[in-house]
Amino acid sequence: MSEPLVIVGNGMAAARLVDELVKSSLGRYAIAVIGEEPRLAYNRVLLSSVLAGETGSHDIELKPASWWRERGVTLKYGSRVTEIDVGRRELKIESDESIEFSKLVLATGSSALRLNVPGADLAGVHTFRDTRDVDLLLTLAAQKKRVVVVGGGLLGLEAAYGLAKAGATVTLVHLMDRLMERQLDAPAAHLLKSLVERKGINILLNASTARILGESKVESIELVDGRRIDADAVIFAAGIRPNVALANEAGIKVNRGVVVDDVLQTSAAGIFALGECAEHRGICYGLVEPAYEQGRVLARHLAGREAAYRGSVVATNLKVSGVSVFSAGDFMGAEGSESIVLSDVKRGAYKKLVIADGRLTGAVLIGEVTDALWYLELIRCREPVARIRKDMMFGRALALAAKAA
Ligand SMILES: Cc1cc2nc3c(=O)[nH]c(=O)nc-3n(C[C@H](O)[C@H](O)[C@H](O)COP(=O)(O)OP(=O)(O)OC[C@H]3O[C@@H](n4cnc5c(N)ncnc54)[C@H](O)[C@@H]3O)c2cc1C
């Protein structure tokens, strides 16, 4: 008889894990996936495109219903898991139904952070995490509302761009002195700011939110320095928090995320965690690629094969507010490293390569990102770059031709 394996969460990590599991475990498990969102797993990364009107909400499903059915996966969506009983190998869902498991995987993702400021619970304050949020934001934009987006990271910029494109008047406020400070150095962030402003988005830096004002709904937002911005809605896009409550209440070890070892096992035997809810070697990743790498490792482990997850070199390679942006590795350049920089502000292009000990260790690209994956590969493989150093800045084709000559 197949062993019951239950996955909590029907997001991107869960979908990839099932995909890998059905290939490698060949009927060993009876897989059930229980997800809170009332629809099939979808590509969350594409929510920005849905908001910007570039993709339809139903075109982002990761797999059709038939895919899950044909592989014998039991899907329960629109159901929240409320409790795990580790000792009895049983979990409870909202309806009070109990489900038994032999192995359990937590893939509960993260929630958007709501700033702890007065007025944060007023009507008109929203987040940007799932399709329900996107539907709400699209309604605001269609009504040409004035929206303040709090947060100048990837999510905030995506929200601002989508809302502006859909018709809202958008101001983005960011606590730091530059946008995307976790991915970009100052010149790159400065260039990105000017490119985003060209799309009609007003950007305020060094802008710390003090409170949100309004009688029963949002009317304005006040910054710590006293500036006030009139608004009909506020979108918090200032970070995420791993969903760890279930694990915590079950007595499973939790720091910021659910703590896992190199086979993604939690402190409880036979209970695993992956994706944004997991913390591996002190790191909670907020990107999809590490979740996919973890999915591959966990599937191998569950199939009884040798496997270990040793962490991911994270890279950001995407369109932010319609501008191509890539960042990987030590993009700031640690002490003792050197940087090669090419900046063409007028053309909207910036390129920085960081070299340490004769190897490429970091890169930032704005505008022109054709060679991004090649740079990422060079960073990951740690190959010496002395022979291509002179031409590397001008792209793969030129550098490899020069190397071969
Ligand atoms: C707008 C947006 C744009 C993004 N863009 C990028 C990008 O460009 N590149 C990139 O790498 N990453 C991006 N990300 C991040 C990426 O989407 C996540 O890293 C990825 O979705 C993580 O997968 P996950 O399965 O861990 O979490 P999720 O995809 O969030 O899935 C978790 C699921 O678990 C469910 N759940 C939680 N608790 C329970 C419970 N108790 N019971 C049942 N179900 C539960 C949740 O409802 C959710 O459906 C973006 C995210 C957003 C929101």
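Reckoned from all heavy atoms, side chains included, excluding hydrogens, waters and symmetry mates. First listed ligand is number 1; within each ligand, the first listed atom is number 1.
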_Whether R16 engages the ring of Y292 as a cation-pi pair (distance to the six-membered ring centre under 6.0 angstrom, angle to the ring normal within 45°) should be assessed._
yes
*Could you tell me whether a side-chain N or O of R44 sits under 3.5 Å from a main-chain N or O of M12, the two making a donor and an acceptor?*
no
_S327 and Q183 side chains, donor-acceptor separation under 3.5 Å_ = no
*Is a salt bridge present between R129 and E37, judged by a nitrogen-to-oxygen distance below 4.0 Å?*
no
*Give the numbers and elements of all ligand 1 atoms closer than 4.0 Å to a heavy atom of I34.*
43 (C), 44 (N)
*Nearest non-hydrogen protein atom, atom 27 (O) of ligand 1*: G109 CA, 3.3 Å
*Which atoms from ligand 1 have a heavy atom of E276 less than 4.0 Å away?*
15 (C), 16 (C), 18 (C), 19 (O), 22 (C), 26 (O)
*Passes ring-ring contact (aromatic ring centres under 6.0 Å, His included), H126 versus F236? Steps please.*
CA-CA 6 Å; H126 306 286; F236 282 138; over 10 Å; no
*Atoms in ligand 1 with a heavy atom of L287 nearer than 4.0 Å*: 10 (C), 11 (O), 12 (N), 19 (O)
*Run the contact test for A291 against ligand 1 with a 4.0 Å cut-off on heavy atoms, strictly below, and give the result.*
no
*Using a strict cut-off of 4.0 Å, indicate which atoms of ligand 1 neighbour a heavy atom of A107.*
32 (C), 33 (C), 34 (O)
_Ignoring hydrogens and geometry beyond distance, is a side-chain donor-acceptor pair present between R132 and T127 at under 3.5 Å?_
no
*asked:* When you compare ligand 1 with M12, is there at least one nitrogen or oxygen pair between them that comes in under 3.5 angstrom?
replied: yes
_Polar proximity ligand 1 side, E289 side, N/O cut 3.5 Å exclusive_ = no
*Mark the output for R129 as yes if a heavy-atom distance to ligand 1 is under 4.0 Å, and as no if none is.*
yes
_Nearest non-hydrogen protein atom, atom 6 (C) of ligand 1_ = V45 CG2, 3.6 Å
*Decide whether S312 and E293 meet the rule of one side-chain donor and one side-chain acceptor closer than 3.5 Å.*
yes
*Find all atoms of ligand 1 within a distance of less than 4.0 Å from any non-hydrogen atom belonging to S48, and give their numbers and elements.*
1 (C), 3 (C)
_Closer than 4.0 Å to some heavy atom of G9 - which atoms of ligand 1 meet that?_
34 (O), 35 (C), 44 (N)
*Which one holds for F128 and ligand 1: side chain close, backbone close, both close, or neither close, with close meaning a heavy atom under 4.0 Å?*
both
*In the protein, which heavy atom is nearest to atom 2 (C) of ligand 1, and how far is it?*
L155 CD2, 3.3 Å
*Report the residue from K145, R146, Q143 that forms a side-chain hydrogen bond (donor to acceptor under 3.5 Å, both in side chains) with D232.*
R146
*Using distance alone, with no hydrogens and no angle criterion, decide if N206 and H174 have a side-chain donor and acceptor under 3.5 Å apart.*
no
*asked:* Using a 4.0 Å cut-off to any heavy atom of A13, which atoms of ligand 1 qualify?
replied: 23 (O), 24 (P), 25 (O), 26 (O)
*Under 4.0 Å, heavy atoms only, figure out whether ligand 1 is touched by the backbone of V8, its side chain, both or neither.*
side chain
_Closest protein heavy atom (residue, atom, distance) for atom 31 (O) of ligand 1_ = G11 CA, 3.3 Å
*Around atom 45 (C) of ligand 1, find the nearest protein heavy atom and jot down its residue, atom name and distance.*
E36 CB, 3.8 Å
*Mark up the atoms of ligand 1 that fall under 4.0 Å of a heavy atom belonging to G275, in ascending order.*
26 (O)
*Audit row: F272, H301, ring-ring contact (aromatic ring centres under 6.0 Å, His included) steps and yes/no*: CA-CA 11 Å; F272 303 83; H301 175 74; 5.7 Å; yes
_Tell me whether ligand 1 is touched by C277 - counting only heavy atoms on the residue side and a distance under 4.0 Å._
no
*Positive for side-chain contact (heavy atoms from CB on, under 4.5 Å) with Y350, one of L365, D185, V325*: D185
*asked:* What I want to check is whether the side chains of K63 and Y42 have a donor and an acceptor closer together than 3.5 Å.
replied: no
*Where the closest heavy atom to atom 29 (O) of ligand 1 is concerned, which of E83, R132, R44, E37 has it?*
R44
